[in-house]
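Along the sequence shown, the residues carry numbers beginning at 1. From a predicted model like this one, the values you see are computed outputs, not experimental measurements.
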Amino acid sequence: MPSALTSMAVLFKMYVALGFFVGLMMLCLASSAKFDELFQPAWAMDHFIYEGELLKLKLDNYSGAGFSSKSKYLFGKVTMQIKLVEGDSAGTVTAYYMSSDGPNHNEFDFEFLGNTTGEPYLVQTNVYVNGVGNREQRMNLWFDPTKDFHSYSVLWNQRQVVFLVDETPVRVHTNMEHKGIPFPKDQAMGVYSSIWNADDWATRGGLVKTDWSHAPFIASYKGFEIDACQCPVSVAADENTKKCSSSGQKRFWWDEPTMSELSLHQSHQLVWVRANHLVYDYCTDTARFPVMPVECEHHRH
């Protein structure tokens, strides 16, 4: 009996060790850090304001400002907490997005469209695949995004791209390659954010211009999180795809079955968001698209 118990104990320790190892494989790529550990200014460094853990980007009539990630990533989740421009923000755009490089790039966009005082911010999302965008959706939010910080995330794996606001899904772009529709899954992406003047289109189609007497316009950031597969620039795209995909004992959390589609609760949340806050969907814009885009015919959301 003692020898049997000893054998069971050894097996148990091996099982725990294996579980710990697999857990490490699923968690090893997580990173949550200060701004300068993950990002760097891209332009107008004199329009950056650092206040401890807080970063502020400034837009005035001289310049906006923007930053980019130091690395590129393939699959995972990116999150920032953002507090948008207070007061009269008409004409301004605060953009937060992931993008690859080149004319056939892929891109996932959050664009926060400013408005006059008292009018709601609009959030525009867009998805580019192989250089083709024109997949805009616009929504208002169920809170005032200028009064406090809220988290904005992009979750990306080989099955779907999910846009989340405070962990509530607001848009899903599903892989429908089986229908012959391209899906972004082979180009590593950088993470970017900027604030800039877009008063030729941002507010009421460009009818409301930026009032520079209210400058500077400030967007504030904190809580930078990237839990994704980092891709060296020197590595070929197909090698990065292999590196960032689960195989054998190598398991990434974004490839787990529960990540392949929304949960029932998340699906209900998305239905609620679309019913109560969606104000524009390219799929229903027959003026722009007399023939419905192919992915709209098959999309469940």
Side-chain angles (χ1 to χ4, degrees), residues 23 26-27 29-30 32 73-82 96-99 106-112 122-129 133 135-143 145 150-187 189 191 223 225-229 241 244-246 251-284 292-301:
M26 292 176 64
L27 295 173
L29 299 175
S32 175
Y73 304 90
L74 189 67
F75 310 132
K77 185 178 181 183
V78 175
T79 299
M80 291 182 198
Q81 294 180 40
I82 307 174
Y96 159 46
Y97 59 103
M98 299 183 69
S99 181
N106 299 328
E107 186 174 328
F108 313 138
D109 293 342
F110 274 108
E111 290 180 310
F112 304 97
L122 287 180
V123 181
Q124 176 169 287
T125 59
N126 202 353
V127 176
Y128 285 73
V129 184
R135 297 181 176 90
E136 297 92 346
Q137 292 182 1
R138 290 187 180 185
M139 58 178 293
N140 53 46
L141 295 167
W142 51 96
F143 54 83
H150 293 269
S151 69
Y152 302 91
S153 307
V154 176
L155 167 66
W156 174 31
N157 58 32
Q158 298 194 52
R159 301 292 298 276
Q160 61 179 355
V161 180
V162 185
F163 295 78
L164 302 115
V165 176
D166 288 340
E167 293 303 308
T168 296
V170 298
R171 179 174 185 171
V172 176
H173 186 81
T174 304
N175 186 334
M176 291 184 286
E177 288 179 301
H178 63 288
K179 300 284 188 180
I181 300 167
F183 183 80
K185 65 175 188 178
D186 58 1
Q187 298 182 41
M189 291 186 171
V191 185
E225 297 181 31
I226 298 179
D227 187 350
C229 184
T241 301
C244 298
S245 302
S246 298
R251 298 293 302 172
F252 296 116
W253 67 264
W254 52 81
D255 287 330
E256 291 303 296
T258 54
M259 294 290 106
S260 65
E261 61 182 3
L262 298 185
S263 68
L264 182 60
H265 175 63
Q266 288 176 318
S267 295
H268 290 162
Q269 288 180 311
L270 181 59
V271 168
W272 176 82
V273 168
R274 291 181 60 85
N276 293 280
H277 296 280
L278 189 69
V279 298
Y280 174 82
D281 186 352
Y282 77 104
C283 284
T284 59
M292 180 181 287
V294 180
E295 69 265 24
C296 299
E297 299 174 14
H298 303 291
H299 240 288
R300 293 177 298 164
H301 302 298

Quick check: do [X] and [Y] have side-chain heavy atoms less than 4.5 Å from each other?
{"X": "Phe163", "Y": "Phe108", "answer": "yes"}
{"X": "Leu278", "Y": "Arg138", "answer": "no"}
{"X": "Met139", "Y": "Val170", "answer": "yes"}
{"X": "Val279", "Y": "Asn140", "answer": "yes"}
{"X": "Glu225", "Y": "Val78", "answer": "no"}
{"X": "Asn106", "Y": "Met189", "answer": "yes"}
{"X": "Phe143", "Y": "Val165", "answer": "yes"}
{"X": "Tyr128", "Y": "Asn126", "answer": "yes"}

Measure the spacing between [atom1] of [X] and [atom2] of [Y] and express it to the nearest 0.5 Å.
{"X": "Trp156", "Y": "Phe183", "atom1": "CH2", "atom2": "CZ", "answer": "8.5 Å"}
{"X": "His173", "Y": "Gln137", "atom1": "NE2", "atom2": "CD", "answer": "10.5 Å"}
{"X": "Thr174", "Y": "Lys179", "atom1": "OG1", "atom2": "NZ", "answer": "12.5 Å"}
{"X": "Leu164", "Y": "Gln269", "atom1": "CG", "atom2": "CD", "answer": "9.0 Å"}
{"X": "Gln187", "Y": "Lys185", "atom1": "CD", "atom2": "NZ", "answer": "12.5 Å"}
{"X": "Glu297", "Y": "Cys283", "atom1": "CD", "atom2": "SG", "answer": "9.5 Å"}

- Can you name the closest pair of heavy atoms from Leu270 and Pro169 and give their distance?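 So the minimum-distance heavy-atom pair works out to CD1-O, 3.5 Å.
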- Query: What are the two closest non-hydrogen atoms of Asp255 and Cys244, and how far apart are they?
  - Reply: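 Here Asp255 and Cys244 meet closest at OD2-O, 4.3 Å.
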Is a salt bridge present between [X] and [Y], judged by a nitrogen-to-oxygen distance below 4.0 Å?
{"X": "Asp281", "Y": "Arg274", "value": "yes"}
{"X": "Glu256", "Y": "Arg251", "value": "yes"}
{"X": "Lys77", "Y": "Glu167", "value": "yes"}

- Decide side-chain contact (heavy atoms from CB on, under 4.5 Å) for Thr168 and Val273; before the verdict, give the C-alpha distance in whole Å, the side-chain angles of both, and the deciding distance to 0.1 Å. CA-CA 9 Å; Thr168 296; Val273 168; 3.9 Å; yes
- Message: In this structure, is the centre-to-centre distance between the rings of Tyr152 and Phe112 below 6.0 Å?
- Response: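 So the answer is yes for these two rings.
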- So, for Phe75 and Phe252, is the gap between ring centers shorter than 6.0 Å?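 Not close enough - the centres of the two rings lie 6.0 Å or further apart.
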- Message: Checking Tyr96 against Val191 for the side-chain contact (heavy atoms from CB on, under 4.5 Å) test, could you report, in this order, the C-alpha distance in whole Å, the side-chain angles of both residues, the deciding distance, and whether it holds?
- Response: CA-CA 8 Å; Tyr96 159 46; Val191 185; 4.2 Å; yes
Does [X] reach the main-chain N or O of [Y] with its side chain, forming a donor-acceptor pair under 3.5 Å?
{"X": "Arg135", "Y": "Val127", "value": "yes"}
{"X": "Asn157", "Y": "Gln160", "value": "yes"}
{"X": "Asn175", "Y": "Glu177", "value": "yes"}

- Task: Would you sort out whether Leu262 and Val172 count as a side-chain contact (heavy atoms from CB on, under 4.5 Å), showing the intermediate values?
- Result: CA-CA 9 Å; Leu262 298 185; Val172 176; 3.6 Å; yes
- Query: For His178, does the NE2 atom sit with more than 12 other heavy atoms under 6.0 Å from it, leaving out its own atoms?
  - Reply: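 More than 12 within 6.0 Å, yes.
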- Task: Go through the side-chain N and O atoms of Gln158 and Ser245 and say whether any donor and acceptor fall under 3.5 Å apart.
- Result: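 Yes.
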- Classify the angle between the aromatic ring planes of Trp272 and Trp142 as parallel (below 30°), tilted (30 to 60°) or perpendicular (above 60°).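 Aromatic pair Trp272/Trp142 classed perpendicular.
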- Task: Would you sort out whether Asp227 and Trp254 count as a side chain to side chain donor-acceptor pair (under 3.5 Å), showing the intermediate values?
- Result: CA-CA 10 Å; Asp227 187 350; Trp254 52 81; over 6 Å; no
